[in-house]
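All remarks here apply to the structure that follows.
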There are 2 protein chains.
Amino acid sequence: MVNVDMTIMKNKKILLVDDELDILNLLETVLKKEGFNNIYKTTSGHETIKMCEKIAPDLIVLDIMLPDIDGFEVCRRLREFCLVPIIFLSAKDDDVDKLLGLGIGGDDYITKPFSPKEVAFRIKAHFRRSEYFNLKSLSDSKRIIRFGDVEIDEDKGEVRKKSELVPLTLKEYSLLLYLAYNPNKILSKNQILEKVWGSDFEGYDNTLMVHIRHLRQKLENDPSNPKYIIPLYPE
Amino acid sequence: MVNVDMTIMKNKKILLVDDELDILNLLETVLKKEGFNNIYKTTSGHETIKMCEKIAPDLIVLDIMLPDIDGFEVCRRLREFCLVPIIFLSAKDDDVDKLLGLGIGGDDYITKPFSPKEVAFRIKAHFRRSEYFNLKSLSDSKRIIRFGDVEIDEDKGEVRKKSELVPLTLKEYSLLLYLAYNPNKILSKNQILEKVWGSDFEGYDNTLMVHIRHLRQKLENDPSNPKYIIPLYPE
DNA sequence: ATAATCCTTAAATTTACCTTAAATTTTTAT
DNA sequence: ATAAAAATTTAAGGTAAATTTAAGGATTAT
């Protein structure tokens with residue numbers, strides 16, 4: 001094993017997901033021995049999604065075979081609100097094909113049977129990379145941001161809803177991008193105006209509301225009951 | 001090319017590194033035309049490291065092929081004293097493999113031959129991201145306060161009971177937070193009013209009771225026999 | 001230069017929230 | 001036990017914020 005500085009890694013939150021408890025415990029034991037002291041475990045898909053909402057892990061080791069919803073679906077749902085890197089565990093060759101077909105961006109996979117050491121090595125390799133090159137978490141994933149049925153392709157500057165191209169104006173696009181970079185976060189109007197319009201903007205904050213209105217009309221299923229861009233009363 | 005607010009970007013220091021002067025000049029011309037007015041150039045690895053120590057650039061465009069030490073080595077040495085983001089330029093497929101092996105995603109390298117516009121686009125995308133991305137979200141410690149089956153997520157401003165999201169108004173939330181910070185303590189109405197409403201509040205203290213009522217309705221299992229927010233009779 | 005598109009402002013409307021008031025219950029004091 | 005005081009509960013009015021629509025002015029493209 002390559003010598004690695006664990007001072008940064010050891011506190012990273014790692015979520016282990018497998019339906020077999022033996023495997024979970026084995027992995028946990030080995031990872032703890034390797035220095036990771038922030039390990040969480042779940043045994044089903046729904047549990048995993050809930051856990052992610054709660055703890056926001058830095059990395060997930062995800063078995064594709066789960067009792068309720070499979071790993072692919074878990075991944076898809078997670079991507080709606082976070083870009084956590086995933087290392088997939090799979091037993092079947094079919095799964096590997098499917099993973100490759102999906103173009104797993106910054107993600108990785110390991111086929112069963114695997115050695116726990118191998119998993120530890122991959123995890124360390126992942127953190128080492130992003131530390132060493134200081135790549136922000138965003139760089140690790142594809143340059144396509146998804147939430148629900150909306151996807152933003154940054155390379156092309158395109159936004160699609162249910163795969164349909166949605167034409168956005170410049171301000172709408174900038175605003176959407178800013179919001180998409182800060183998912184599940186509380187942003188004040190001034191905060192948004194400052195970043196998207198610039199700190200020298202002297203206009204009314206209703207300007208922002210009108211643009212949000214336009215985005216909701218174009219991207220929400222029910223613009224008056226928004227699910228993506230959620231209002232919060234003052235501040 | 002997507003238009004971008006250049007007010008913030010234009011003063012960013014960009015260091016261009018390539019051994020071919022033609023390419024350097026071409027890049028410089030295009031970037032200046034795009035609005036960047038703080039561009040530096042070097043043609044060798046050692047020169048690059050010295051320049052970084054001197055000017056601390058905001059971003060480096062780094063050709064991997066250099067006459068003295070290659071781009072990978074330059075990156076490694078730079079990382080010893082700074083975390084400046086790097087966009088790699090590479091001509092050979094071998095380099096790309098190596099970059100990918102090091103975990104450098106598509107965002108962070110460009111293969112030759114490239115269009116100068118592409119480079120400008122990547123640079124702008126990078127700055128926009130770092131500008132838009134709120135660093136607060138990276139703070140690991142999630143602040144979650146729990147009592148019984150109620151949990152308060154201070155980061156998201158959300159309150160859950162039995163994992164179910166409970167919508168609270170601003171005053172309700174502020175009040176709950178104040179109470180949660182002072183568990184098992186006896187608080188007088190005036191004390192609470194002063195802290196939550198502010199010392200300039202001129203209203204009736206019944207206002208407070210109404211809000212407490214609402215909280216109990218939303219969070220207590222039996223609102224009229226409260227377990228969490230317990231009344232105490234005389235002063 | 002003209003047309004088309006987009007951004008901003010303004011004004012009307014709706015919604016959500018806070019406070020007050022008044023009725024009811026519980027506790028304390030006599 | 002009874003009255004007074006304090007606390008609880010319910011409902012409703014007023015207010016501030018958010019939403020929505022429309023239109024004028026600025027920018028960009030043709």
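- Among the nucleotides dA21(C), dT9(C), dC7(C), the one closest to any side-chain atom of Phe201(A) is dT9(C).
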Problem set entry | Full working for side-chain contact (heavy atoms from CB on, under 4.5 Å) between Leu215(A) and His211(A) | CA-CA 6 Å; Leu215(A) 276 183; His211(A) 283 278; 6.0 Å; no

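- The listed nucleotides are dT20(C), dA11(C), dT21(D); the one nearest the side chain of Asn206(B) is dT20(C).
- Rounded to a whole Å, the CD atom of Glu172(B) is 8 Å from the P atom of dC17(C).
- Between dC18(C) and Trp197(B), no contact under 4.0 Å exists linking OP1 or OP2 to a side-chain N or O.
- For the helix from dA1(C)-dT30(D) to dT30(C)-dA1(D), the angle separating the two terminal helix axes comes to 30°, with each axis derived from five pairs and the value rounded to 10°.
- Side-chain proximity of Tyr204(B) to the nucleotides dT20(C), dC7(C), dT10(D) is greatest for dT20(C).
- Side-chain proximity of Lys189(A) to the nucleotides dA18(D), dT9(C), dA7(D) is greatest for dA18(D).
- Residue His211(A) contributes atom NE2, which lies 16 Å from atom P of dT20(D) at whole-angstrom precision.
- What separates CZ of Arg213(B) from C1' of dT10(D) is a distance of 9 Å, to the nearest Å.
- In this structure, CG of Leu170(A) is placed 10 Å from C1' of dC7(C), rounded to the nearest angstrom.
- Summarising the local packing, OH of Tyr204(A) is surrounded by 12 or fewer heavy atoms from other residues, nucleotides or ligands at distances under 6.0 Å.
- One interatomic measurement links the two molecules: CG of Leu215(A) to P of dC6(C), which rounds to 13 Å at whole-angstrom precision.
- At a threshold of 4.5 Å between non-hydrogen side-chain atoms, the residues Lys124(B) and Lys12(B) do not count as touching.
- Atom CG in Leu187(A) sits about 14 Å away from atom P in dA18(D), given to the nearest Å.
- Side-chain nitrogen and oxygen atoms of Thr169(B) include none within less than 4.0 Å of the OP1 or OP2 phosphate oxygen of dA16(C).
- The side-chain contact (heavy atoms from CB on, under 4.5 Å) with Lys13(A) is formed by just one residue from the set Leu59(A), Ile39(A), Asp58(A); it is Asp58(A).
- Separating the CD atom of Glu220(A) from the C1' atom of dT20(D) is a distance of 16 Å, rounded to the nearest angstrom.
- Within the 4.5 Å cutoff, the side chain of His214(A) has no heavy atoms near those of the Leu168(A) side chain.
- When distances run from any side-chain atom of Thr207(A) to the nucleotides dT8(C), dT19(C), dC18(C), the shortest one goes to dT8(C).
- You'll find that the side chain of Lys171(A) is closest to dC7(C), out of dT9(C), dC7(C), dT10(D).
- Separating the CD1 atom in Ile144(B) from the CG atom in Asp153(B) is a distance of 4.5 Å, to the nearest 0.5 Å.
- Counting only heavy atoms from C-beta on, Gln217(A) has its side chain closest to dT21(D) among dC7(C), dC18(C), dT21(D).
- The local environment of NZ in Lys218(A) is crowded, with over 12 non-hydrogen atoms from other residues, nucleotides or ligands closer than 6.0 Å.
- Taking the charged nitrogens against the carboxylate oxygens, Glu164(B) and Lys161(B) have no contact shorter than 4.0 Å, which rules out a salt bridge.
- Contact between the side-chain N/O atoms of His214(B) and the OP1/OP2 oxygens of dT9(D) is not found at any separation under 4.0 Å.
- Here dT20(C) presents its P atom at 10 Å from CD of Glu202(B), a figure rounded to the nearest Å.
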